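Since the structure is predicted, the reported quantities are computational estimates derived from the model, not experimental observations. Basis for what follows: all heavy atoms, side chains included, without hydrogens, waters or symmetry-related copies. So that the names make sense, note that chain A is the first sequence line, chain B the second, and so on, each numbered from 1.
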Protein chains: 2
Amino acid sequence: MVGMISRVESAAATRRALVDAAAELLDEGGPSAVTLREVGARAGVSRGAPYKHFADKESLLSAVAIEAWERNIAGQRALRADAALAPVDRLRAALTALIAVGRQQPHLFQQMFTIPSGDPAAVARVAQRSQDEFLAMVAAVVGERDARRYGALLLAGAHGVTAMEVSGHLSTDKWRVTAEELVTHLVELVATTAPAAEPAT
Amino acid sequence: MVGMISRVESAAATRRALVDAAAELLDEGGPSAVTLREVGARAGVSRGAPYKHFADKESLLSAVAIEAWERNIAGQRALRADAALAPVDRLRAALTALIAVGRQQPHLFQQMFTIPSGDPAAVARVAQRSQDEFLAMVAAVVGERDARRYGALLLAGAHGVTAMEVSGHLSTDKWRVTAEELVTHLVELVATTAPAAEPAT
DNA sequence: TCGTTCGGGTGACAACGTCATCTGAAACTC
DNA sequence: GAGTTTCAGATGACGTTGTCACCCGAACGA
(Lines give C-alpha, C1' and ligand atoms only; values in the text may rest on other atoms or scores of the structure.)
Protein backbone atom coordinates (compact mmCIF):
# COMPACT_ATOMS: atom_id res chain seq x y z
CA MET A 1 0.00 0.00 0.00
CA VAL A 2 1.15 3.49 -0.72
CA GLY A 3 2.28 5.37 2.34
CA MET A 4 2.90 2.18 4.21
CA ILE A 5 6.10 2.46 6.14
CA SER A 6 8.40 -0.47 6.53
CA ARG A 7 10.66 -0.94 9.47
CA VAL A 8 13.75 0.33 7.69
CA GLU A 9 11.85 3.37 6.47
CA SER A 10 10.73 4.18 9.97
CA ALA A 11 14.25 3.78 11.27
CA ALA A 12 15.61 6.04 8.56
CA ALA A 13 12.99 8.65 9.38
CA THR A 14 13.96 8.54 13.03
CA ARG A 15 17.59 8.96 12.14
CA ARG A 16 16.69 11.98 10.03
CA ALA A 17 14.69 13.50 12.87
CA LEU A 18 17.57 12.92 15.28
CA VAL A 19 20.12 14.63 13.06
CA ASP A 20 17.75 17.50 12.37
CA ALA A 21 17.04 17.99 16.05
CA ALA A 22 20.74 17.91 16.86
CA ALA A 23 21.49 20.44 14.14
CA GLU A 24 18.73 22.67 15.44
CA LEU A 25 20.02 22.55 19.00
CA LEU A 26 23.56 23.13 17.82
CA ASP A 27 22.51 26.28 16.01
CA GLU A 28 20.55 27.55 18.97
CA GLY A 29 23.00 27.06 21.78
CA GLY A 30 26.23 25.42 20.69
CA PRO A 31 27.49 21.90 21.36
CA SER A 32 26.69 22.00 25.06
CA ALA A 33 23.03 22.61 24.25
CA VAL A 34 22.88 19.36 22.32
CA THR A 35 21.78 16.91 25.00
CA LEU A 36 20.70 13.48 23.95
CA ARG A 37 17.57 13.84 26.04
CA GLU A 38 16.49 17.01 24.27
CA VAL A 39 17.45 15.57 20.91
CA GLY A 40 15.27 12.57 21.61
CA ALA A 41 12.42 14.76 22.77
CA ARG A 42 12.47 16.92 19.64
CA ALA A 43 12.70 13.86 17.46
CA GLY A 44 9.72 12.36 19.24
CA VAL A 45 11.61 9.47 20.77
CA SER A 46 13.13 8.77 24.16
CA ARG A 47 16.54 9.63 25.51
CA GLY A 48 18.11 6.28 24.76
CA ALA A 49 16.90 6.03 21.20
CA PRO A 50 19.84 7.87 19.63
CA TYR A 51 22.09 5.00 20.67
CA LYS A 52 20.31 2.76 18.18
CA HIS A 53 21.62 5.00 15.39
CA PHE A 54 24.83 6.54 16.71
CA ALA A 55 27.63 5.19 18.84
CA ASP A 56 27.72 8.23 21.08
CA LYS A 57 26.99 11.91 21.23
CA GLU A 58 30.01 12.82 19.20
CA SER A 59 29.02 10.52 16.38
CA LEU A 60 25.72 12.35 16.23
CA LEU A 61 27.47 15.70 16.01
CA SER A 62 29.75 14.27 13.36
CA ALA A 63 26.70 13.27 11.36
CA VAL A 64 25.49 16.86 11.56
CA ALA A 65 28.85 18.10 10.29
CA ILE A 66 28.88 15.50 7.53
CA GLU A 67 25.51 16.64 6.26
CA ALA A 68 26.72 20.22 6.29
CA TRP A 69 29.67 19.18 4.15
CA GLU A 70 27.33 17.41 1.79
CA ARG A 71 25.24 20.54 1.41
CA ASN A 72 28.48 22.36 0.70
CA ILE A 73 29.31 19.86 -2.02
CA ALA A 74 25.86 20.19 -3.56
CA GLY A 75 26.20 23.95 -3.59
CA GLN A 76 29.52 23.77 -5.37
CA ARG A 77 28.09 21.37 -7.95
CA ALA A 78 25.29 23.81 -8.60
CA LEU A 79 27.77 26.60 -9.08
CA ARG A 80 29.80 24.57 -11.54
CA ALA A 81 26.66 23.80 -13.49
CA ASP A 82 25.66 27.45 -13.70
CA ALA A 83 26.76 28.45 -17.18
CA ALA A 84 25.94 32.10 -16.55
CA LEU A 85 28.87 32.45 -14.19
CA ALA A 86 32.46 33.07 -15.17
CA PRO A 87 34.94 30.63 -13.65
CA VAL A 88 36.36 33.27 -11.36
CA ASP A 89 32.87 34.20 -10.20
CA ARG A 90 32.11 30.62 -9.35
CA LEU A 91 35.22 30.57 -7.26
CA ARG A 92 34.23 33.67 -5.40
CA ALA A 93 30.70 32.42 -4.92
CA ALA A 94 31.91 29.14 -3.45
CA LEU A 95 34.10 30.92 -0.94
CA THR A 96 31.38 33.42 -0.10
CA ALA A 97 29.06 30.52 0.60
CA LEU A 98 31.51 29.26 3.20
CA ILE A 99 31.50 32.66 4.84
CA ALA A 100 27.71 32.65 4.84
CA VAL A 101 27.64 29.38 6.76
CA GLY A 102 29.96 30.84 9.34
CA ARG A 103 27.79 33.91 9.69
CA GLN A 104 24.45 32.19 9.88
CA GLN A 105 25.45 29.00 11.68
CA PRO A 106 28.65 29.71 13.59
CA HIS A 107 28.43 26.63 15.80
CA LEU A 108 27.88 24.41 12.80
CA PHE A 109 30.88 25.99 11.12
CA GLN A 110 33.04 25.22 14.13
CA GLN A 111 31.74 21.67 14.22
CA MET A 112 32.79 21.20 10.60
CA PHE A 113 36.36 22.00 11.57
CA THR A 114 36.49 20.32 14.97
CA ILE A 115 39.15 17.78 15.81
CA PRO A 116 37.35 14.45 15.49
CA SER A 117 37.93 12.00 18.30
CA GLY A 118 35.71 9.12 17.29
CA ASP A 119 36.21 8.16 13.66
CA PRO A 120 38.56 10.77 12.21
CA ALA A 121 38.10 9.43 8.71
CA ALA A 122 34.34 9.90 8.62
CA VAL A 123 34.25 13.69 8.48
CA ALA A 124 37.57 13.93 6.68
CA ARG A 125 36.32 11.82 3.78
CA VAL A 126 33.38 14.02 2.92
CA ALA A 127 35.50 17.15 3.43
CA GLN A 128 37.93 15.72 0.90
CA ARG A 129 35.13 15.35 -1.62
CA SER A 130 34.22 18.97 -1.09
CA GLN A 131 37.80 19.93 -1.73
CA ASP A 132 37.88 17.87 -4.92
CA GLU A 133 34.92 19.84 -6.13
CA PHE A 134 36.63 23.08 -5.19
CA LEU A 135 39.87 22.04 -6.85
CA ALA A 136 38.08 21.62 -10.16
CA MET A 137 36.77 25.17 -9.90
CA VAL A 138 40.23 26.50 -9.18
CA ALA A 139 41.70 24.59 -12.08
CA ALA A 140 39.27 26.33 -14.40
CA VAL A 141 40.84 29.63 -13.41
CA VAL A 142 44.54 29.07 -12.83
CA GLY A 143 45.04 25.90 -14.82
CA GLU A 144 45.43 22.30 -13.78
CA ARG A 145 49.10 22.62 -12.99
CA ASP A 146 48.84 25.16 -10.20
CA ALA A 147 45.33 24.35 -9.03
CA ARG A 148 46.51 22.59 -5.89
CA ARG A 149 48.84 25.30 -4.76
CA TYR A 150 46.41 28.15 -5.28
CA GLY A 151 43.41 26.12 -4.23
CA ALA A 152 44.88 25.51 -0.80
CA LEU A 153 45.66 29.20 -0.56
CA LEU A 154 42.13 30.24 -1.41
CA LEU A 155 40.42 27.70 0.79
CA ALA A 156 42.68 28.40 3.74
CA GLY A 157 42.16 32.12 3.34
CA ALA A 158 38.40 31.86 3.19
CA HIS A 159 38.23 29.47 6.09
CA GLY A 160 40.66 31.53 8.10
CA VAL A 161 38.83 34.80 7.71
CA THR A 162 35.52 33.14 8.49
CA ALA A 163 36.88 31.47 11.59
CA MET A 164 38.30 34.75 12.78
CA GLU A 165 35.00 36.48 12.29
CA VAL A 166 33.08 33.67 13.96
CA SER A 167 35.29 33.74 17.02
CA GLY A 168 35.06 37.52 17.20
CA HIS A 169 38.71 38.11 16.34
CA LEU A 170 38.05 40.00 13.11
CA SER A 171 37.39 43.50 14.30
CA THR A 172 36.26 45.45 11.27
CA ASP A 173 37.32 48.60 13.11
CA LYS A 174 40.87 47.38 13.14
CA TRP A 175 41.12 45.67 9.80
CA ARG A 176 38.77 47.93 7.88
CA VAL A 177 37.78 45.02 5.72
CA THR A 178 34.90 42.57 5.61
CA ALA A 179 35.30 38.87 5.07
CA GLU A 180 33.79 39.17 1.60
CA GLU A 181 36.13 41.94 0.58
CA LEU A 182 39.07 39.94 1.77
CA VAL A 183 38.01 36.91 -0.22
CA THR A 184 37.39 39.02 -3.30
CA HIS A 185 40.80 40.53 -2.91
CA LEU A 186 42.36 37.13 -2.52
CA VAL A 187 40.62 35.76 -5.61
CA GLU A 188 41.79 38.69 -7.67
CA LEU A 189 45.28 38.32 -6.34
CA VAL A 190 45.37 34.70 -7.38
CA ALA A 191 43.66 35.25 -10.71
CA THR A 192 46.13 37.95 -11.74
CA THR A 193 49.21 36.26 -10.35
CA ALA A 194 48.48 32.78 -11.59
CA PRO A 195 50.50 31.92 -14.70
CA ALA A 196 47.78 30.67 -16.98
CA ALA A 197 44.01 30.84 -17.23
CA GLU A 198 42.09 28.15 -19.03
CA PRO A 199 38.52 28.10 -20.33
CA ALA A 200 35.84 26.82 -17.99
CA THR A 201 34.57 23.27 -18.04
CA MET B 1 61.36 36.85 55.95
CA VAL B 2 62.43 35.81 52.47
CA GLY B 3 60.31 33.04 51.01
CA MET B 4 57.44 33.89 53.28
CA ILE B 5 54.22 33.66 51.37
CA SER B 6 51.38 36.02 52.01
CA ARG B 7 47.78 35.17 51.42
CA VAL B 8 47.57 36.91 48.07
CA GLU B 9 50.77 35.21 46.94
CA SER B 10 49.36 31.85 47.88
CA ALA B 11 46.14 32.60 46.03
CA ALA B 12 48.07 33.70 42.96
CA ALA B 13 50.11 30.51 43.09
CA THR B 14 46.95 28.43 43.27
CA ARG B 15 45.52 30.27 40.30
CA ARG B 16 48.69 29.57 38.38
CA ALA B 17 48.54 25.90 39.27
CA LEU B 18 44.89 25.74 38.21
CA VAL B 19 45.52 27.29 34.80
CA ASP B 20 48.56 25.09 34.26
CA ALA B 21 46.63 21.97 35.18
CA ALA B 22 43.80 22.94 32.87
CA ALA B 23 46.20 23.62 30.01
CA GLU B 24 47.85 20.28 30.62
CA LEU B 25 44.56 18.40 30.56
CA LEU B 26 43.45 20.31 27.49
CA ASP B 27 46.56 19.24 25.62
CA GLU B 28 46.21 15.65 26.69
CA GLY B 29 42.57 15.00 25.94
CA GLY B 30 40.74 18.03 24.65
CA PRO B 31 38.13 20.17 26.38
CA SER B 32 36.09 17.23 27.63
CA ALA B 33 39.12 15.95 29.53
CA VAL B 34 39.27 19.18 31.50
CA THR B 35 37.12 18.35 34.51
CA LEU B 36 37.17 20.70 37.46
CA ARG B 37 37.76 17.75 39.75
CA GLU B 38 40.88 16.64 37.92
CA VAL B 39 42.08 20.22 37.58
CA GLY B 40 41.76 20.64 41.31
CA ALA B 41 43.53 17.37 41.96
CA ARG B 42 46.50 18.26 39.77
CA ALA B 43 46.69 21.70 41.31
CA GLY B 44 46.71 20.13 44.76
CA VAL B 45 43.38 21.56 45.83
CA SER B 46 39.86 20.25 46.02
CA ARG B 47 37.17 20.15 43.34
CA GLY B 48 35.42 23.32 44.44
CA ALA B 49 38.54 25.47 44.73
CA PRO B 50 38.52 26.65 41.11
CA TYR B 51 35.33 28.58 41.82
CA LYS B 52 37.29 30.91 44.08
CA HIS B 53 39.28 32.02 41.04
CA PHE B 54 37.01 31.50 38.05
CA ALA B 55 33.30 31.97 37.53
CA ASP B 56 32.86 28.65 35.81
CA LYS B 57 34.63 26.04 33.73
CA GLU B 58 34.54 28.14 30.61
CA SER B 59 36.21 31.06 32.32
CA LEU B 60 39.03 28.74 33.25
CA LEU B 61 39.42 27.59 29.66
CA SER B 62 39.30 31.20 28.56
CA ALA B 63 42.16 31.94 30.93
CA VAL B 64 44.15 29.17 29.26
CA ALA B 65 43.45 30.67 25.85
CA ILE B 66 44.33 34.15 27.05
CA GLU B 67 47.70 32.99 28.31
CA ALA B 68 48.34 31.33 24.98
CA TRP B 69 47.61 34.63 23.24
CA GLU B 70 49.97 36.38 25.60
CA ARG B 71 52.73 33.93 24.75
CA ASN B 72 51.97 34.64 21.12
CA ILE B 73 52.35 38.36 21.73
CA ALA B 74 55.63 37.86 23.54
CA GLY B 75 56.92 35.78 20.66
CA GLN B 76 56.04 38.44 18.15
CA ARG B 77 57.73 41.09 20.27
CA ALA B 78 60.87 38.97 20.35
CA LEU B 79 60.76 38.65 16.58
CA ARG B 80 60.41 42.38 16.11
CA ALA B 81 63.36 42.95 18.41
CA ASP B 82 65.56 40.53 16.47
CA ALA B 83 67.68 42.80 14.29
CA ALA B 84 69.17 39.86 12.45
CA LEU B 85 65.89 39.15 10.67
CA ALA B 86 64.63 40.90 7.59
CA PRO B 87 61.08 42.26 7.93
CA VAL B 88 59.68 39.67 5.58
CA ASP B 89 61.41 36.92 7.55
CA ARG B 90 59.86 38.16 10.75
CA LEU B 91 56.48 37.94 9.11
CA ARG B 92 57.05 34.42 7.99
CA ALA B 93 58.40 33.44 11.40
CA ALA B 94 55.36 34.85 13.16
CA LEU B 95 52.99 32.90 10.93
CA THR B 96 55.06 29.76 11.22
CA ALA B 97 54.86 30.08 14.99
CA LEU B 98 51.08 29.99 14.74
CA ILE B 99 51.31 26.81 12.70
CA ALA B 100 53.62 25.32 15.31
CA VAL B 101 51.05 25.91 18.04
CA GLY B 102 48.42 24.15 15.97
CA ARG B 103 50.74 21.20 15.37
CA GLN B 104 51.96 20.77 18.91
CA GLN B 105 48.85 21.81 20.83
CA PRO B 106 45.87 21.35 18.54
CA HIS B 107 43.28 21.56 21.29
CA LEU B 108 44.80 24.76 22.60
CA PHE B 109 44.74 26.17 19.09
CA GLN B 110 41.05 25.42 18.78
CA GLN B 111 40.39 26.95 22.17
CA MET B 112 42.06 30.16 21.03
CA PHE B 113 39.51 30.44 18.23
CA THR B 114 36.43 29.13 20.00
CA ILE B 115 33.24 31.11 20.14
CA PRO B 116 33.23 32.62 23.63
CA SER B 117 29.97 32.39 25.54
CA GLY B 118 30.90 33.90 28.86
CA ASP B 119 32.75 37.19 28.48
CA PRO B 120 33.33 37.55 24.74
CA ALA B 121 35.50 40.62 25.24
CA ALA B 122 38.05 38.91 27.48
CA VAL B 123 39.68 36.70 24.87
CA ALA B 124 38.98 39.14 22.06
CA ARG B 125 40.91 41.92 23.77
CA VAL B 126 44.16 40.03 24.06
CA ALA B 127 43.74 38.66 20.54
CA GLN B 128 43.44 42.24 19.35
CA ARG B 129 46.73 43.09 20.99
CA SER B 130 48.35 40.20 19.18
CA GLN B 131 46.97 41.50 15.93
CA ASP B 132 48.30 44.99 16.65
CA GLU B 133 51.71 43.47 17.03
CA PHE B 134 51.29 41.58 13.80
CA LEU B 135 50.02 44.64 11.97
CA ALA B 136 53.22 46.47 12.81
CA MET B 137 55.25 43.65 11.27
CA VAL B 138 53.16 43.73 8.12
CA ALA B 139 53.49 47.50 7.86
CA ALA B 140 57.24 47.09 7.82
CA VAL B 141 56.90 45.07 4.63
CA VAL B 142 54.03 46.49 2.62
CA GLY B 143 53.83 49.98 4.12
CA GLU B 144 51.46 51.51 6.57
CA ARG B 145 48.79 52.25 4.02
CA ASP B 146 48.05 48.67 2.97
CA ALA B 147 49.07 46.95 6.18
CA ARG B 148 45.52 46.28 7.27
CA ARG B 149 44.38 44.81 4.03
CA TYR B 150 47.35 42.49 3.57
CA GLY B 151 47.66 41.77 7.25
CA ALA B 152 44.19 40.32 7.37
CA LEU B 153 44.99 38.27 4.32
CA LEU B 154 48.15 36.84 5.82
CA LEU B 155 46.68 36.15 9.22
CA ALA B 156 43.55 34.56 7.80
CA GLY B 157 45.62 32.42 5.46
CA ALA B 158 47.91 31.18 8.21
CA HIS B 159 45.07 30.52 10.59
CA GLY B 160 43.04 28.84 7.89
CA VAL B 161 45.70 26.43 6.79
CA THR B 162 46.54 25.58 10.38
CA ALA B 163 42.92 24.96 11.26
CA MET B 164 42.54 22.72 8.25
CA GLU B 165 45.59 20.73 9.21
CA VAL B 166 44.49 20.50 12.83
CA SER B 167 41.07 19.19 11.90
CA GLY B 168 42.61 16.72 9.47
CA HIS B 169 41.20 18.39 6.37
CA LEU B 170 44.56 19.27 4.83
CA SER B 171 45.55 16.09 3.09
CA THR B 172 49.09 16.61 1.88
CA ASP B 173 48.44 13.86 -0.66
CA LYS B 174 45.76 15.96 -2.24
CA TRP B 175 47.24 19.42 -1.91
CA ARG B 176 50.89 18.48 -2.30
CA VAL B 177 51.80 21.34 -0.04
CA THR B 178 52.65 21.73 3.62
CA ALA B 179 51.29 24.48 5.81
CA GLU B 180 54.70 26.13 5.93
CA GLU B 181 55.07 26.11 2.16
CA LEU B 182 51.68 27.64 1.78
CA VAL B 183 52.48 30.41 4.23
CA THR B 184 55.80 31.06 2.54
CA HIS B 185 54.05 31.22 -0.77
CA LEU B 186 51.48 33.61 0.61
CA VAL B 187 54.11 35.88 2.12
CA GLU B 188 55.98 36.05 -1.16
CA LEU B 189 52.78 36.72 -3.01
CA VAL B 190 52.00 39.65 -0.76
CA ALA B 191 55.56 40.96 -0.67
CA THR B 192 55.81 41.06 -4.45
CA THR B 193 52.29 42.31 -5.08
CA ALA B 194 52.20 44.98 -2.40
CA PRO B 195 52.75 48.47 -3.85
CA ALA B 196 55.47 49.73 -1.57
CA ALA B 197 58.03 48.30 0.83
CA GLU B 198 59.38 50.39 3.66
CA PRO B 199 62.42 49.94 5.89
CA ALA B 200 61.94 47.98 9.08
CA THR B 201 61.32 49.64 12.43
C1' DT C 1 3.33 -20.32 12.40
C1' DC C 2 7.46 -19.75 14.89
C1' DG C 3 11.73 -17.78 15.92
C1' DT C 4 14.69 -13.84 14.82
C1' DT C 5 15.89 -9.24 14.29
C1' DC C 6 15.98 -4.77 15.82
C1' DG C 7 14.15 -0.08 16.90
C1' DG C 8 12.49 1.84 20.99
C1' DG C 9 11.50 2.51 26.17
C1' DT C 10 13.01 2.42 30.98
C1' DG C 11 15.72 1.98 35.13
C1' DA C 12 20.02 2.73 36.85
C1' DC C 13 24.72 4.43 37.56
C1' DA C 14 28.84 7.13 37.55
C1' DA C 15 30.67 11.48 36.52
C1' DC C 16 30.19 16.18 36.13
C1' DG C 17 29.24 21.41 36.98
C1' DT C 18 27.67 24.11 40.44
C1' DC C 19 26.32 26.04 44.87
C1' DA C 20 25.42 26.66 50.00
C1' DT C 21 27.71 26.14 53.93
C1' DC C 22 31.39 25.59 57.05
C1' DT C 23 36.29 26.30 58.61
C1' DG C 24 40.57 28.27 59.68
C1' DA C 25 44.04 31.42 59.17
C1' DA C 26 45.76 35.72 57.41
C1' DA C 27 44.86 40.68 57.36
C1' DC C 28 43.01 44.65 59.30
C1' DT C 29 41.20 47.87 63.10
C1' DC C 30 41.58 50.00 67.33
C1' DG D 1 47.47 42.36 71.45
C1' DA D 2 42.32 41.30 71.29
C1' DG D 3 38.55 41.42 68.38
C1' DT D 4 36.70 41.61 63.88
C1' DT D 5 36.64 40.98 59.03
C1' DT D 6 38.01 38.77 54.79
C1' DC D 7 38.66 35.08 51.96
C1' DA D 8 40.88 30.68 50.02
C1' DG D 9 39.76 26.23 50.58
C1' DA D 10 37.02 21.78 51.96
C1' DT D 11 32.88 19.33 51.90
C1' DG D 12 28.11 17.79 51.33
C1' DA D 13 24.53 17.92 48.27
C1' DC D 14 21.64 18.47 44.04
C1' DG D 15 20.29 18.37 39.33
C1' DT D 16 21.83 17.09 34.80
C1' DT D 17 24.10 14.41 31.53
C1' DG D 18 26.18 10.42 28.81
C1' DT D 19 25.89 5.73 28.77
C1' DC D 20 24.54 0.95 29.30
C1' DA D 21 21.94 -3.34 30.54
C1' DC D 22 17.64 -5.01 30.16
C1' DC D 23 12.98 -5.50 28.57
C1' DC D 24 9.23 -5.13 25.06
C1' DG D 25 6.70 -5.50 20.80
C1' DA D 26 6.14 -5.37 16.05
C1' DA D 27 8.02 -6.34 11.49
C1' DC D 28 10.49 -9.80 8.93
C1' DG D 29 12.25 -14.42 7.07
C1' DA D 30 11.65 -19.39 6.84
Side-chain angles (χ1 to χ4, degrees), chain A residues 1-26 28-64 107 111 114 116-119, chain B residues 1-26 28-64 107 111 114 116-119:
Chain A
M1 187 206 274
V2 178
M4 193 65 184
I5 52 170
S6 69
R7 184 154 57 144
V8 295
E9 285 167 348
S10 157
T14 300
R15 194 194 142 97
R16 265 252 52 78
L18 287 171
V19 175
D20 288 345
E24 205 176 299
L25 288 165
L26 182 66
E28 292 173 7
S32 65
V34 182
T35 77
L36 292 186
R37 283 165 167 83
E38 182 65 19
V39 167
R42 294 207 183 187
V45 291
S46 76
R47 58 183 201 268
Y51 285 91
K52 303 296 175 174
H53 301 268
F54 305 96
D56 51 14
K57 176 179 174 177
E58 201 166 303
S59 296
L60 174 58
L61 284 175
S62 287
V64 173
H107 293 290
Q111 188 64 44
T114 291
S117 63
D119 182 9
Chain B
M1 189 208 271
V2 178
M4 195 64 184
I5 52 170
S6 71
R7 184 155 59 144
V8 295
E9 284 168 348
S10 158
T14 300
R15 194 195 142 99
R16 265 253 53 78
L18 288 171
V19 176
D20 288 346
E24 206 177 299
L25 287 165
L26 182 66
E28 293 172 7
S32 65
V34 182
T35 77
L36 292 186
R37 284 163 165 83
E38 182 65 19
V39 166
R42 294 208 184 187
V45 291
S46 77
R47 58 181 201 268
Y51 285 91
K52 302 295 175 174
H53 300 268
F54 304 96
D56 51 14
K57 175 179 175 178
E58 200 166 304
S59 296
L60 175 58
L61 283 175
S62 286
V64 173
H107 293 289
Q111 188 64 44
T114 290
S117 62
D119 181 9

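- Listed nucleotides: C:dG8, C:dT18, C:dG7. Nearest to the side chain of B:Asp56: C:dT18.
- Judged by atom type and distance alone, B:Arg47 does not reach the base of C:dG17 through any side-chain donor-acceptor pair under 3.5 Å.
- We find that CG of A:Leu60 is positioned 10 Å from P of D:dT19, with the value rounded to whole Å.
- Between the CZ atom of A:Phe54 and the P atom of D:dG18 there is a distance of 14 Å, given to the nearest Å.
- Here the nucleotide nearest the side chain of B:Tyr51, chosen from D:dT17, C:dG17, C:dG8, is C:dG17.
- As rounded to whole Å, 13 Å separates atom P of D:dC23 from atom NZ of A:Lys52.
- The backbone N or O of A:Val34 sits less than 3.5 Å from a side-chain atom of A:Lys57, completing a donor-acceptor pair.
- Without hydrogens or angle criteria, A:Glu28 side chain to A:Ala33 main chain gives no donor-acceptor distance under 3.5 Å.
- The 5' end of DNA chain D is approached more closely, in terms of each residue's nearest nucleotide, by B:Arg15 than by the other of A:Ser32 and B:Arg15.
- Separating the CZ atom of A:Arg16 from the P atom of C:dG7 is a distance of 17 Å, rounded to the nearest angstrom.
- Closest to the side chain of B:Thr35, from the set C:dG8, D:dA13, C:dG17, is C:dG17.
- Summarising the geometry of B:His53 relative to B:Thr14, their closest heavy-atom pair is NE2-CG2, 3.8 Å, with the distance given to 0.1 Å.
- Residue B:Glu38 contributes atom CD, which lies 15 Å from atom C1' of C:dG17 at whole-angstrom precision.
- Taking each heavy atom of B:Phe54 and B:Ala63 in turn, the nearest pair found is CE2-CB, 3.7 Å.
- Look at CG on B:Leu18: it is 12 Å from P on D:dA8, rounded to the nearest Å.
- B:Val39 comes within contact range of no nucleotide atom at all, as no heavy-atom separation falls under 4.0 Å.
- Spacing between atom NE2 of A:His53 and atom P of C:dC6 amounts to 13 Å, rounded to whole angstrom units.
- Between A:Leu61 and A:Thr114 the shortest side-chain heavy-atom distance does not fall below 4.5 Å.
- Contacts of A:Lys57 with the nucleic acid, taken as non-hydrogen atoms under 4.0 Å apart, involve only primed sugar atoms and P, OP1 or OP2.
- Both B:Glu58 and A:Val45 lie near DNA chain C, and the one whose nearest nucleotide falls closer to the 5' end is A:Val45.
- To the nearest angstrom, P of C:dA15 lies 19 Å from CG of A:Leu36.
- Nucleic acid contact for A:Ser46: base, since at least one base atom lies under 4.0 Å from a heavy atom of the residue.
- In the set C:dG9, C:dT18, C:dG7, the nucleotide with an atom closest to the side chain of A:Ala49 is C:dG9.
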